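In what follows, a structure is listed as structure tokens, so that the remarks can point back to it.
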Amino acid sequence: MSLHDDLTAVQRCLDDLVRSVARLEQHVGSGLDIRRVRTDADHLRDSVALLKEAAPALPPKPRPEMVSIPDTPYDRSLWTDADDEGLGASDRRAP
């Protein structure tokens, strides 16, 4: 995995953590302890976002080379031993 992939994975996990803490807060109420956990999770998510912005950018992927296909017909001798898809060989009958 690249650095960018690792940071994205951490960011997704922290997003899941923040959602889980919100669900937990609905069950236990908004006491001091759960507010501290929510604040810590939010700080971690913000810190990872800053780290992701500061990470070196990935080099752009090279574009694939364009291949031109001519409009001229193919040589028919290329297909002499080929079967027609779904029809079988031209010299045999279908069952």
Side-chain angles (χ1 to χ4, degrees):
M1 281 185 126
S2 70
L3 173 65
H4 220 281
D5 292 340
D6 287 339
L7 287 172
T8 301
V10 169
Q11 206 168 26
R12 272 193 230 115
C13 291
L14 286 173
D15 290 341
D16 290 343
L17 176 66
V18 168
R19 283 190 291 274
S20 297
V21 168
R23 285 193 304 268
L24 183 63
E25 188 174 13
Q26 291 174 353
H27 292 291
V28 298
S30 59
L32 178 63
D33 294 334
I34 194 71
R35 283 186 291 170
R36 184 177 300 140
V37 170
R38 183 175 18 98
T39 303
D40 290 344
D42 288 337
H43 284 201
L44 275 173
R45 192 167 63 169
D46 293 341
S47 296
V48 170
L50 289 173
L51 187 61
K52 192 172 180 180
E53 288 175 11
L58 294 174
K61 292 182 180 178
R63 294 182 63 179
E65 181 181 336
M66 298 294 286
V67 177
S68 62
I69 300 173
D71 290 334
T72 57
Y74 289 110
D75 181 12
R76 294 192 63 78
S77 66
L78 293 172
W79 313 110
T80 55
D81 294 340
D83 292 343
D84 289 330
E85 185 176 330
L87 300 176
S90 59
D91 60 340
R92 286 182 268 153
R93 286 179 16 120

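Quick caveat, the model's predicted, so the values are computed rather than measured.
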- Got a second to check how far Leu51's CG is from Leu7's CG, nearest 0.5 Å? 5.0 Å
- Message: To check you understand the geometry: which heavy-atom pair defines the closest contact between Leu44 and Leu14, and what is its length?
- Response: O-CD1, 3.6 Å
- Among all residues two or more places apart in sequence or in another chain, which pass the salt bridge (charged side-chain N to carboxylate O under 4.0 Å, His left out) test with Arg19? Asp16
- Note on the structure: One should read off an interatomic distance between Leu3 CG and Thr8 OG1, to the nearest 0.5 angstrom, of 9.0 Å
- Pairwise distance CG(Asp6) to NZ(Lys52) - rounded to 0.5 angstrom: 11.0 Å
- Give the cluster check for Leu17 versus Leu24: same hydrophobic cluster or not, with ILVMFWY residues linked at side-chain heavy-atom distances below 4.5 Å. yes
- Query: Does Val28 belong to the same Ile/Leu/Val/Met/Phe/Trp/Tyr cluster as Val21, with side-chain heavy atoms less than 4.5 Å apart forming each link?
  - Reply: yes
- Task: May I have all residue pairs that pass side-chain hydrogen bond (donor to acceptor under 3.5 Å, both in side chains) and include part of residues 30-43, sequence neighbours excluded?
- Result: Glu25-Arg38
